[in-house]
Q: 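Have a look at this one before I ask anything.
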Amino acid sequence: MIDPRLLRESPDDLRESQRRRGEDVALVDRLAALDIERRSKQTAYDDLRAEQKQLSKRIGPLQGAVKKGDSSAQAELDDLMAQASQLSDRVKAADAAAGEATRALDEAWLELSNVVDMRAPVGGEEDVAVLEMVGSPRDFGAEGFTPRDHLELGELLGAIDVERAAKVSGSRFYYLTGVGALLEIALLNLAMAQATRNGFIPVIPPVLVSPRAMEGTGFLGQAAENVYRIESDDMYLVGTAEVPLAGMHSDEIMPASGLPKRYVGWSSCFRREAGSYGKDTRGIIRVHQFDKVEMFVFCDPADAEAEHERILQWERDFMDALEIPYRVIDVATGDLGSSAARKFDIEAWIPTQGTYREVTSTSNTTQFQARRLGIRMRSGDEVQPVATLNGTLCAMPRIIVAILENHQQADGSIVVPQALRPYLGRDVLELP
RNA sequence: GGAGGGAUGGCCGAGCGGCCGAAGGCGACGGUCUUGAAAACCGUUGAGGCGUAACCCGUCUCCGUGGGUUCAAAUCCCACUCCCUCCGCCA
């Protein structure tokens, strides 16, 4: 949800934002009409209600007078009661009309995506702007061998088992076994060590959440088809810890002195991957369930941009520590998702695919989520919605893919990046 | 799953159907006093919509959520949610 004042004061900015996203521009005009409708209905109700309160206030004393035997008051009382009774019906009708108008407006508001940052490149998936290339891909030709893909390596190492996972859960599931499981635990510890060093509060959140949390973070719009819903209980499995972390402070007013508030969550993530049939069917690049370490920040909207840069830098620090070549991209407007105003992805080099693949993503959702979730800050006597930001620190399967493929040796063993060694307790993952 | 109790402002806590956005206390903030602080005393202290672009001011809404009764609901009725206690079951 965005600031309603924008709708009245600069609707053209909203239209431009919708246009850049490739979303419905007419929605802005529909909203404007509904907004006017709501205000007039609400004012009508307010006026009637004020009248009713005035009238009602006079009835009590009159009833007292009548009780004491003042028969002259009886006529006035009867008259007032008749008026009030009639007014009551009108108030109820006006209330219903105002309520209806408010509901219609609120519903339409939920359809409107966040206003894009005008610096974000315009376009779709192919229109990303590459901000930076870091590290350089290994030349396996020069080293004299052809790299194996992560699944082959994972199977050789006894680290990844998708065949058995298919028996148990179907396609796009996996077991991490042996060094695979240990690798995830080591990555978790490395990520948590970095995050806590940077002042993040570690959190293990619930992953089954109410519609409110899902709606508030913007995942029930276009993204809804990728969300698992537990029908019998009207709950959702989260696709990222961003959801429970954002919801943590819903309906709270946070003191400005306590901001920024930085959390790092570790959770399982569930994604239906609807519409991605045939994509990444081999291995663990695209799966229905995986674990992820996610950074989430509540901050003053004035600091959001700087915080976004910091989060990106922390993501890069992690990639640097793992010695994986990557590039940083500025995601185009058509690919932002409903809540982000701007998004930077880090894409890791995947040798066997000869391309860069997304491993982290950081979004500045400005006040969009905070407005929906009722998360505000107080500075002095001013109260306003906070800004929220999120960023991946370590999405397990994809990072494991990147490590295996980039650090493999001719025999299929894996050189463990220096930074990970203390957490893994070995320098090389040897074939069993 | 069964039985009972509860939900009021930052916190605690009172509240007869009308004078209740709500007593009282705590906390916080401002002031008096003090060399300074503490204590004491005085005062201020919720959020949102609309009238306004903003202030002042006015008005409406909000006492877990949603309905209902009534001229009038924090207060009465119904449903739901959450929390607590006890029993049962499970990890």
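Reminder, nothing fancy here: chain letters follow the sequence lines and each chain counts from 1.
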Q: Write out the stems for RNA chain B, ordered by first number and formatted as range with range, counting runs of at least 3 consecutive Watson-Crick or G-U wobble pairs under 3.5 Å.
A: B:1-7 with B:81-87, B:10-12 with B:24-26, B:27-32 with B:40-45, B:46-51 with B:57-62, B:64-68 with B:76-80
Q: Can you measure A:Arg5 atom CZ to B:G48 atom C1' for me and round it to whole angstrom units?
A: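 For the pair A:Arg5 CZ and B:G48 C1', the rounded distance is 13 Å.
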Q: Expressed as a whole number of Å, how far does the P atom of B:G27 sit from that of B:C89?
A: 48 Å
Q: Establish, with yes or no, whether the OP1 or OP2 oxygen of B:U61 is under 4.0 angstrom from a side-chain nitrogen or oxygen of A:Lys41.
A: no
Q: Closest-nucleotide mapping onto RNA chain B: is A:Pro4 or A:Ser56 further toward the 5' terminus? I mean the 5' end.
A: A:Ser56
Q: Quote, to the nearest angstrom, the P distance that separates B:A38 from B:G24.
A: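 Here B:A38 and B:G24 have their P atoms 25 Å from each other.
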Q: Does B:A47 have OP1 or OP2 under 4.0 Å away from a side-chain N or O of A:Arg376?
A: no
Q: Considering every strand and a 4.0 Å limit on heavy-atom distances, what is the contact class for A:Arg212: base, sugar-phosphate, or nothing?
A: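 No contact at all - A:Arg212 keeps every heavy atom at 4.0 Å or more from the nucleic acid.
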Q: Could you measure between the two C1' atoms, the one in B:A23 and the one in B:U75, and give it in whole Å?
A: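 The same atom, C1', in both gives a distance of 15 Å.
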Q: On a whole-Å scale, what distance lies between the P atoms belonging to B:U69 and B:G13?
A: 34 Å
Q: Distance check, P atoms only: B:G17 and B:G25, in whole angstrom units.
A: 26 Å
Q: So, A:Ser339 versus A:Asn114: side-chain donor-acceptor pair below 3.5 Å or not?
A: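 No, no side-chain donor-acceptor contact under 3.5 Å.
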Q: Using a cut-off of less than 4.0 Å, is there contact between a side-chain N or O of A:Arg378 and OP1 or OP2 of B:A47?
A: yes
Q: Suppose we call a contact any N or O donor and acceptor under 3.5 Å apart; does that hold for the side chain of A:Asp46 and the base of B:G51?
A: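 Checked by distance alone, the answer is no.
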